[in-house]
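Notes to accompany the following structure.
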Amino acid sequence: MSIGGTYDPKSIEPDIYAMWEKDGAFHAEPRPGRQPFSIVIPPPNVTGALHLGHAINNTLQDILIRRARMQGYDTCWLPGTDHAGIATQAVVERRLRQEQGWRRDPHNPEHREFLVGKIREWKDEYEKRILDQLRRMGCSCDWQRTRFTLDEQCAKAVYELFFRLFKDGLIYRGKRLVNWDCELQTAVADDEVYHETVMGHLWHVRYPILAENVGVPPATPGGTGVPPVTAADALRRATGPDSMLGRDFLVVATTRPETMLADTAVAVHPDDARYQHLIGRQVLLPLMNRPIPVIADGELVNPEFGTGCVKVTPGHDPNDYACWQRHQGRPDEFGIIDLFTPDGKINENGVGDLRTIPGSTGVPPVTQGSVGVPPASTFNYTGLPRQEARKRVVADLEALGLLEKIEPYETDIGHSDRSKTPIEPLRSEQWFVRTAELCENGRQLKPGLAEMARDAVRDGRVKFFPERFAKSYLDWLGEKRDWCISRQLWWGHRIPVWQITVGGYRYATGGKSIGEIRQAVVSSVARAIQGFYDALDRFATVFGIKGQLVAMPSGKGETVLYVCAATEIAQRVLEAFYRRHHRTRFAATGDRDPATEPDLPYHSERYNVDQELGRTIAVMSERDPDVLDTWFSSALWPLSTFGWPGEQRSGSANQGAGKGSGSASARPLIPEARSPSDLEYFFPTNVLSTARDIISLWVARMVMVSTYLTGRVPFQHVCIHPTIQDEHGRRMSKSAGNGVDPLDLIEMYGADAMRFTLASLAGETQDVRVPVRPMKLDDGRVVNTSERFELGRNFCNKLWQAATGFVIPNLRHEGTQARRHEGRDEATKGRRDQRLALEDRWILSRLRACIVECDRRLDHYQYSDYANTLYSFFWSDFCDWYVELVKPRLYEGHTGVSPATDRSLTVAAQPDRRSDGAPPVRRDEGTDGPEDAGQDSAETARRVLAYVLDRTLRLLHPVVPFITERLWQLLNDAAPARGLATGDAAAPLLIRAEWPDASELADDPEAEAEIAALQQVIRGIREIRTHVNTTRAAAKQTALRTLPRAVVRTDVRTAALLTHSLAALKRLSQCEEFEVGPDAAKPADAMSKILTGIEVFVPVAGLVDLGVERKRLEKERADLLAYIQRVEGKLSNESFVAKAPPQVVETERARLAELRDKLAKIDDGMRELCG
RNA sequence: GGGCGUUUAGCUCAGUUGGCUAGAGCGCAUCCUUCACACGGAUGAGGUCGCAGGUUCGAGUCCUGCAACGCCCACCA
């Protein structure tokens, strides 16, 4: 051990970590009758390496884990990573595209295999890096339990959850408007969309008003007697010189003109007088030449904005979609048209031919082409990319004279977080989880997932720290939005569902009535379904997967079913079943050879029972190609990682392959004889520590899933840590160039320094700012770091210096004696034998307060207060004062500070429950005088030094584990036994040592007050010395290292205290001689410091010009006087005296007396100075 | 637009249920290479606590309004 060397983290960190791992300190097994403490790591995405946000979160978790371990819990911190479906796939795909020009073909199974392989390579690389980063940070994770969201164990849980939700009717498939990423060709969640303000335009377009509604009801030729108005007429009138708004045309404003091709209505506000007369009429959709209705919608339309008319494109705009939904089933309902292909091009609906447009009102084409206007059929945008289509549409409108004006307009465009391309809202079939309660006829059948999760927080089973974050959790869940769980990706858990389509073909109508035919079809469909079920059931029985399959109606009528498999085995069996039987008919009638039957179309929606009748068969389609949303597996993380659902499924009873019914089965009881499983022991976890931006995405979903599956919450406490920003309050990110790699910080400052700084940043605010600076590392690399981390580095160095440079050498120096002492200690056990000096009692009292404070702060997840408490205890109390006070006893054989109120230590007689620490000790009123020789005093000082360092290392270990563990080794070498009063051996490894117990120490207010007085005197003399030296420097005189003499006038008791601690007093105040006493005479030509009840005088004749002293006293007097006036003002205020609590008034009075006394003494001094 | 948070020393932040002259670290100034530590020690300067009202004997702290900044959610064609 070198003395005086700067702490070098790099030289110890790897060895220390290896030692912990070798010792198995991170791993815990369930043990009956013990207390577990568990945390599951928020699994970092394998998208990339860890950043500072991960660093702070994992530091905090490690603090909790290490403390719990020291407190004696069976502690498990479960590590792992998240596959992060869309994010990872996007990164890898982008790379493949850039490097090899590779593009994914969604329908090519080979592509699927190739890409998933590539992503897995990426994952392997980054998972390794991430786990290595955690190790370098010192995280004490239970590596044996490392999990990955796509591994077999997690997948098992995912499929089981899907199966149960599916069986309970909580998962459904529906066509909804989703955020579509045209680049990645997948739906993305709302929270994966960010908005970017871009400068765009607002195009104002005229929509010609039709003189007469067409098509609804179908115009019978010649029926109305009024000739239908042609498109040409309408256009001509709308663009003519005397055309009139509201009579001949309407104007709509749009930021996305290309979507007008899919307009199905124009909306106005119901109360808007300008357009009242048009509600219910039709306008002609330009380019498409489609009549669309004018509807009233108070929610969609703001009459103040734009023209007050809104084009309605329900297929591609969320608001319009909502409007469309509102109007469904009403007399003014209108259609919906999908316009885009998955890769963002205009589909076949971008042609101006009415009859080809599904969802249109089926109107015959309006006559066209007679007035020089291009016929509608020439407007064909099919195949154009969105941007191109926009240009063409605008140009065409312009050519038609329908473009009223173009305004510049600032608008927010949704972008995909992953591909950074604009989002296209479009309709798509997706799987959803229902979160609202299930009701029938107004009666609640099942409680909703959202409500169950809200209850868990409302009734306190889950608590947030800080508390306020519960609100955003409750608010978000209150919306009960359904959760879109399918993604059109390949990197993830594939949806375990096969579709069964029941359809008919070659039907003969042979003279039957429509009613008879319909009847026959219905029963034949039912028989076909039954046939399918029977076949599937037989298959399931053969393969032993009964109960692992369930079929449910799709909600699309009786001809489509979904079959879901609960396990990967069942999935494989189903896949085999599909391969073998998808061409087989499960026919209700007939007995044709299946091999000769042609395949039926995948969808049989167009099947029309009114026209034909034939045989009905069930056809199975391939497995749903989509994968599950990443959060679906994340929601299971606390359960899946500990092994849920366990073994319960194998050998479970037949739940029937038929129609799913019944709720999730209760968890089986565990036989008491065997030791608990991981799940039983470590679940629910104690704490979840995470960032606030995923409270809804992740925290809420974990609670939903856990309560649904087990009836229990996944964690008791949710701890939200602050977000780290750069000095300008910006988020840190690689792309912004302000990202900081934890490994660079470790390289530069050491892991402990980083951890300590991060902990000291983690208060209860939601943001903390860290200035980011590029700095050069030793190896020449320039990386982002922050000087903020010098805080931790300096503290670690101080700790290192104090321990290896002072405390331990002093123990080691007397090593033989320390061992002798152990022997003697045995012999004298239970007898008073150690005299604690005042500073010993003081530091032990301070230590006690420090332990209490650390516990209180950590119990409330107030990490910064915990770190700061230790910082000031160790640096200020221990190093600055205790160590300095104790030096005379060690170096010069002084007896230490032993005032009249000396106390001794009594050793408790009973055996200690601890194996590695000190026993509970009690103080006793001692009456003995301070007669101990210096030898004993030095011995006591060493014991206290060792003891306080021991406890400090324990307290600090959770936040700075490496350095404390190393110092623990050194301390063990120097003082293997270091209980305060007995010689019990310390634990070999700090990581397993016991957490300090404040109750073994006593609060000692008397010692605190006395040391405070001592400190005041020392500070007073230091101040005078500095003042003298400053003055001398100004006069170009050399500085004085020490003052020759000081006189202290104070009461008998304080005088005794100062006298007894003379050596320390001289040393700390750098003053050579003292005169102390109640009657000490003030020397002439002295500088003075007036304290409460203590006057300090330093004769400075010949040292410095006394003129400056008067100025100094004058200023002090002025300050004092101002203060006195304030207090006087308070006390002369009658209502203060009358209304304030008596003790407050009393305090003020006492203060006033004190201040006046001081003032008088200062006045005395000034009189003398003036002569 | 809704919600949450922040605003205290040059910078980054503490400041408990209102009650001793508002604190810390960094930075700054002066002095000190004295035998653990210059990644150190000593001393000091520096703050009308965002603004305006209110409650109270008393407000950095509680209430109202305003402003700036940040985050989350929802987003008007």
Side-chain angles (χ1 to χ4, degrees), chain A residues 3-7 190-191 195 202 252-256 259 267 300-302 304-313 317-320 409 411-412 414 468-469 471-472 475-476 479 692-693 695-696 723 725 727 729-731 749 753 760-761 763 765-771 787-788 790-791 793-810 864-865 868 871-872 879-880 883-884 887 891 1019 1022-1027 1029-1030 1032-1034 1039-1042 1067 1070 1119-1120 1122-1123 1126-1127 1130 1133-1141 1143-1145 1147-1148 1150-1151:
Chain A
I3 293 179
T6 308
Y7 172 56
D190 289 345
D191 40 78
H195 292 267
L202 202 54
V252 300
T254 178
T255 53
R256 302 199 50 200
T259 63
L300 182 65
V301 184
N302 170 7
E304 309 295 324
F305 185 89
T307 59
C309 298
V310 182
K311 63 190 270 300
V312 185
T313 320
D317 182 283
N319 294 307
D320 296 359
Y409 188 71
T411 180
D412 280 355
R468 70 185 121 90
F469 290 110
K471 186 172 161 53
S472 46
D475 286 352
W476 186 81
E479 292 177 31
R692 68 177 181 284
D693 54 355
I695 288 173
S696 47
T723 306
Q725 304 169 336
E727 73 239 81
R730 291 176 309 190
R731 259 191 125 76
Y749 299 106
S760 72
L761 289 172
T765 53
Q766 42 189 35
D767 305 309
V768 296
R769 294 184 180 192
V770 173
E787 61 217 18
R788 183 63 57 79
E790 288 173 9
L791 171 79
R793 182 199 58 183
N794 294 354
F795 180 71
C796 288
N797 191 56
K798 185 74 177 177
L799 178 62
W800 184 259
Q801 296 295 350
T804 64
F806 179 79
V807 177
I808 292 172
N810 271 297
S864 62
D865 296 311
N868 294 338
Y871 185 96
S872 67
C879 292
D880 290 349
V883 164
E884 297 302 328
K887 274 177 180 172
Y891 294 161
R1019 287 196 174 113
R1022 282 171 176 173
E1023 189 187 322
I1024 290 172
R1025 196 182 70 245
T1026 301
H1027 199 70
N1029 279 337
T1030 311
R1032 286 173 65 87
L1040 297 178
R1041 181 171 297 172
T1042 58
R1067 185 184 178 89
Q1070 292 293 326
D1119 291 348
L1120 195 59
Y1123 190 16
R1126 246 173 83 165
V1127 178
K1130 230 182 208 182
N1133 181 345
E1134 279 172 33
S1135 41
F1136 173 72
V1137 180
K1139 294 184 182 172
Q1143 69 269 30
V1144 172
V1145 178
T1147 316
E1148 292 296 327
R1151 191 199 334 272

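On a predicted model such as this, the values are computed, not experimentally measured, just so you know. Letters A, B, ... mirror the listed sequences (proteins, then strands); counts begin at 1.
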| said: Using OP1 and OP2 only, check whether a side-chain N or O of A/K887 sits under 4.0 Å from B/C35. | reply: no

| query | For the pair made of CZ in A/R788 and P in B/C11, what is the distance, rounded to whole Å? | reply | 12 Å

| P gap between B/U12 and B/C71, integer Å | 16 Å

| query | What nucleic acid atoms does A/R692 come within less than 4.0 Å of, heavy atoms only: base, sugar-phosphate, or nothing? | reply | sugar-phosphate

| request: First locate atom CZ of A/R1025, then atom CZ of A/R1032, and finally report the distance between them rounded to the nearest 0.5 Å. | output: 12.5 Å

| message | Please name the nucleotide paired to B/G46 by Watson-Crick or G-U wobble geometry with both distances under 3.5 Å, or report none. | response | none

| said: I'd like to check the ring-ring contact (aromatic ring centres under 6.0 Å, His included) partners of A/Y749; sequence neighbours left out, ordered by chain and number. | reply: none

| remark: A/L791 atom CG is separated from B/A24 atom C1', nearest whole Å, by 10 Å

| So what's B/A67 paired with, Watson-Crick or G-U wobble, going by both distances under 3.5 Å? | B/U7

| query | Base, sugar-phosphate, or nothing for A/P318, non-hydrogen atoms under 4.0 angstrom? | reply | nothing

| For A/R468 and B/G70, what is the distance between atoms CZ and C1' respectively, to the nearest whole Å? | 13 Å

| When we call it a touch if two heavy atoms are under 4.0 Å apart, what does A/E790 touch: a base, just sugar-phosphate, or nothing? | nothing

| message | Could you tell me how far B/C66 sits from B/C28 if I compare only their C1' atoms? Round to whole Å. | response | 36 Å

| note | Among B/C31, B/C4, B/C20, the one nearest any side-chain atom of A/R1151 is B/C20

| said: Using atom P in both nucleotides, what's the gap between B/A9 and B/C49 to the nearest angstrom? | reply: 10 Å

| message | Quick check for you: among B/A77, B/A14, B/C57, whose closest atom lies nearest to any side-chain atom of A/T765? | response | B/A14

| Taking atom P of B/U43 as reference, at what distance in whole Å does atom CG of A/N1029 sit? | 13 Å

| task | Find the distance A/Q725:CD to B/C13:P and express it as a whole number of Å. | result | 9 Å

| note | Checking B/A42, B/A36, B/U33 against the side chain of A/R1041 (C-beta onward), the nearest is B/U33

| note | Against the side chain of A/E884, the closest entry in B/C13, B/A77, B/A36 is B/A36

| request: Identify the heavy atoms of A/I695 and A/S472 that sit nearest to each other, and give their distance. | output: CD1-OG, 4.0 Å

| task | Any strand is fair game: report the nucleotide pairing with B/C31 by Watson-Crick or G-U wobble, both distances under 3.5 Å, or none. | result | B/G41

| request: Specify the closest pair of heavy atoms between A/N797 and A/Y7, including all atoms of both residues, with the distance to one decimal. | output: OD1-N, 3.0 Å

| request: Give one of base, sugar-phosphate or nothing for A/Q1070, where a contact means two heavy atoms less than 4.0 Å apart. | output: base

| Closest nucleotide of RNA chain B for A/R1126 versus for A/K311: which of these residues is on the 5' side? | A/R1126

| Side-chain donor or acceptor of A/K471 under 3.5 Å from a matching atom on the base of B/C4? | no

| said: Looking at A/Q1143, I want to see if its CD is surrounded by more than 12 non-hydrogen atoms of other residues, nucleotides or ligands under 6.0 Å. | reply: yes

| request: Would you indicate which nucleotide in B/A36, B/A42, B/C76 comes nearest to any side-chain atom of A/Q801? | output: B/A36

| task | Tell me whether the guanidinium CZ or amine NZ of A/K798 lies under 6.0 angstrom from the six-membered ring centre of A/Y871 and within 45° of its axis. | result | no

| query | Looking only at atom C1', what distance separates B/U8 and B/G47, rounded to whole Å? | reply | 7 Å

| query | Expressed in angstrom and rounded to an integer, what is the separation of A/N794 atom CG from B/G25 atom P? | reply | 12 Å

| task | Give A/G308 one of three labels, base, sugar-phosphate or nothing, depending on what nucleic acid heavy atoms sit under 4.0 Å from its own. | result | base

| query | Counting only side-chain N and O atoms of A/Y871, is one of them less than 4.0 Å from OP1 or OP2 of B/G23? | reply | no

| field | For B/G1, the Watson-Crick or wobble counterpart (both distances under 3.5 Å) | value | B/C73

| field | A/N302, nearest nucleotide to its side chain (from B/A36, B/C39, B/C76) | value | B/C76

| Distance between the P atoms of B/G60 and B/C20, in whole angstroms? | 11 Å

| Looking at B/C57, B/C4, B/A42, which one has an atom nearest to any side-chain atom of A/S1135? | B/C57

| note | A/R769 has its side chain closest, among B/C13, B/A77, B/C20, to B/C13

| request: Just compare B/U43, B/C31, B/A77 and give me whichever is closest to any side-chain atom of A/A1033. | output: B/C31

| task | Could you tell me which nucleotide pairs with B/G23 by Watson-Crick or G-U wobble geometry, both distances under 3.5 Å, or answer none if nothing does? | result | B/C13

| Which of these nucleotides, B/A36, B/G40, B/C76, is closest to any side-chain atom of A/C879? | B/A36

| A/L300 near the nucleic acid: base, sugar-phosphate alone, or nothing, with a heavy-atom cut-off under 4.0 Å? | base

| said: Any heavy-atom pair between the side chains of A/Q1070 and A/R1041 that's under 4.5 Å? | reply: yes

| message | Between A/R788 and A/L761, is there a side-chain heavy-atom distance shorter than 4.5 Å? | response | yes

| query | Separation of A/N1133 atom CG from B/G58 atom P, in whole Å? | reply | 7 Å

| field | First encountered from the 5' end of RNA chain B, between A/F469 and A/D880 | value | A/F469

| query | Under 4.0 angstrom, heavy atoms only, what part of the nucleic acid is A/A1140 near: base, sugar-phosphate, or nothing? | reply | base

| query | Contact class for A/T254 (heavy atom, under 4.0 Å): base, sugar-phosphate, or nothing? | reply | sugar-phosphate

| message | What's A/V768 touching, base or sugar-phosphate or nothing? Going by heavy atoms closer than 4.0 Å. | response | sugar-phosphate

| request: Please report, rounded to the nearest Å, how far the C1' atom of B/C39 is from the NZ atom of A/K798. | output: 10 Å

| Separation of the C1' atoms in B/C57 and B/U64, to the nearest angstrom | 22 Å

| query | Which value, in whole Å, describes the distance between the P atoms of nucleotides B/A68 and B/A24? | reply | 34 Å

| field | Pairwise side-chain contact, A/K1139 with A/N1133, heavy-atom cut-off 4.5 Å (strictly under) | value | no

| Separation of the C1' atoms in B/A67 and B/C51, to the nearest angstrom | 7 Å

